[in-house]
There are 2 protein chains.
Amino acid sequence: MDATPRLSEQACFAMYAASRAVIGLYRPMLDRLGLTYPQFLVLMLLWETDGRTVSDIGNELQLDSGTVSPLLKRLEAAGFVERRRESDDERRVTVHLTDSGAALETRGCEITQVVGTASGMSYDELIALRDRLNEFTASVGDRESASENNTSE
Amino acid sequence: MDATPRLSEQACFAMYAASRAVIGLYRPMLDRLGLTYPQFLVLMLLWETDGRTVSDIGNELQLDSGTVSPLLKRLEAAGFVERRRESDDERRVTVHLTDSGAALETRGCEITQVVGTASGMSYDELIALRDRLNEFTASVGDRESASENNTSE
DNA sequence: ATTAATTAAGTTGTGCGCAACTTAGTTGCG
DNA sequence: CGCAACTAAGTTGCGCACAACTTAATTAAT
């Protein structure tokens with residue numbers, strides 16, 4: 001029972017594999033828009049609320065500035081967003097959709113629909129799976145912040 | 001109903017976030033063994049069956065040679081595995097645990113136990129979640145191989 | 001007002017992950 | 001045999017992820 005667990009039995013590996021599989025499904029569709037999956041996630045956030053700060057985007061995606069900053073740089077180079085230094089707090093940079101970035105919204109929504117269909121699950125099943133994963137992430141997140149320092153060697 | 005979906009409502013994002021969260025939980029523990037999560041996965045495969053080929057490992061992890069080859073190179077440099085050209089088919093390279101690599105098995109198993117506990121889910125819940133994710137991955141995998149060429153533009 | 005602590009964003013370095021390509025060994029078919 | 005098709009592994013290039021660090025602006029605390 002407590003022998004070496006098989007890789008195929010691991011829920012963690014299943015998450016890792018599922019995550020890459022779904023990104024792989026998005027890839028050919030996003031390629032045609034000139035986007036990667038993380039870039040697409042940023043645009044989804046901005047379609048919902050434009051003008052977010054870099055750190056807000058990082059919090060939503062659970063990514064740090066070392067990932068988000070260069071990603072936004074590429075999104076700006078591609079012409080989908082603009083970055084503006086805020087005058088009331090010069091440390092802050094807000095990110096704004098360009099016309100070109102805003103115009104992708106319709107196509108982007110279609111893509112999420114297609115992916116949902118390809119999952120082979122019903123709407124309710126997807127919701128249930130999502131909620132389970134979010135519980136898992138929350139629980140794991142607590143553990144991480146709890147054991148900042150004390151991984152007793 | 002068909003408005004722009006919120007990021008927080010997306011099952012795909014939940015997978016992406018959960019995958020990174022669990023790898024983040026593994027990280028400090030694996031760090032102490034001098035391993036990354038993908039490297040740990042390779043060792044799990046070899047603990048189960050030693051002497052696998054590079055392509056077998058790639059198939060199991062669903063990773064291509066562009067990812068696996070340099071990963072194995074680093075595992076070899078770290079002294080956990082050895083690679084051997086097979087004499088019956090000179091194209092094949094088999095990967096073998098060193099004593100040092102084999103010795104990590106006990107510690108490795110402990111780590112998976114700890115992560116299971118940190119998930120905040122029961123054994124049965126984890127099994128159910130894993131099965132759901134594997135269904136999802138399988139279904140998405142079919143879609144990908146099906147639409148190799150015909151993403152009608 | 002001065003300065004220490006904090007915060008926001010960005011940079012650097014390493015290791016994936018994957019597409020596209022290369023190299024070399026094997027097989028198939030005339 | 002000769003050679004095209006295939007296969008296994010590896011290389012290159014780019015975009016994440018993340019740790020560790022830097023820079024610059026703000027706040028707090030005297």
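Protein chains get the first letters and strands the later ones, always in sequence-line order, with residue 1 at the start of each. Computed from a prediction, not measured in an experiment: that's the story for all the values here.
- The separation between L41(A) atom CG and dA17(D) atom P is 9 Å, rounded to whole Å.
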> Going through the distances and angles, do L97(A) and L104(A) end up as a side-chain contact (heavy atoms from CB on, under 4.5 Å)?
Replying inline: CA-CA 10 Å; L97(A) 289 166; L104(A) 293 179; over 6 Å; no
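- Counting to the nearest Å, the P atom of dC16(C) and the CG atom of L61(B) are 11 Å from each other.
- Q10(A) places none of its side-chain heavy atoms less than 4.5 Å from the side chain of R130(B).
- If you take OH of Y26(A) and P of dC16(D), they are 16 Å apart, rounded to a whole angstrom.
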>> Base contacts versus sugar-phosphate-only contacts with protein, heavy atoms under 4.0 Å: please encode nucleotides 8-15 of chain C as B, S and - from 5' to 3'.
In response: SSBB---S
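- Residue Y16(A) has no polar side-chain atom (N or O) positioned under 4.0 Å from OP1 or OP2 of dC16(C).
- Applying the salt bridge (Lys or Arg N to Asp or Glu O under 4.0 Å) test to residues at least two apart or on different chains, the pairs with a partner in residues 116-128 of chain A are E125(A)-R132(B).
- We find that CG of N59(B) is positioned 13 Å from P of dT7(D), with the value rounded to whole Å.
- One can place CG of L30(A) at 15 Å from P of dG15(D), the figure rounded to the nearest angstrom.
- Residues passing the salt bridge (Lys or Arg N to Asp or Glu O under 4.0 Å) test with E86(B), sequence neighbours excluded: none.
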>> Could you walk me through whether F136(B) and V22(A) satisfy the side-chain contact (heavy atoms from CB on, under 4.5 Å) test, starting with their C-alpha distance in whole Å, then the side-chain angles of each, then the deciding distance to 0.1 Å, before giving a yes or no?
In response: CA-CA 9 Å; F136(B) 183 94; V22(A) 72; 3.8 Å; yes
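- Sequence neighbours left out, the pairs with a member in residues 90-102 of chain A that pass salt bridge (Lys or Arg N to Asp or Glu O under 4.0 Å) are D89(A)-R91(A), D89(A)-R92(A).
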>> I'd like to know whether H96(B) forms a side chain to side chain donor-acceptor pair (under 3.5 Å) with T94(B), so could you lay out the CA-CA distance, the side-chain angles of the two residues, the decisive distance to 0.1 Å, and finally the verdict.
In response: CA-CA 7 Å; H96(B) 304 263; T94(B) 54; 2.7 Å; yes
>> Does Y26(B) form a side-chain contact (heavy atoms from CB on, under 4.5 Å) with T36(B)? I'd like the steps, not just the answer.
In response: CA-CA 9 Å; Y26(B) 271 106; T36(B) 64; over 6 Å; no
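- Computed from coordinates, the R20(B) CZ to dA19(D) P distance equals 11 Å when rounded to whole Å.
- Protein atom CG of L63(B) is 15 Å distant from nucleotide atom C1' of dA9(D), rounded to whole Å.
- Rounded to 10°, the angle separating the first-five-pair axis and the last-five-pair axis of the helix from dA1(C)-dT30(D) to dG30(C)-dC1(D) equals 10°.
- Summarising the geometry, the separation between CG on D64(B) and C1' on dC21(C) is reported as 12 Å, rounded to the nearest angstrom.
- Taking V93(A) as the reference, V54(A), R83(A), R85(A) meet the side chain to side chain contact (heavy atoms under 4.5 Å, CB included) condition, with sequence neighbours excluded.
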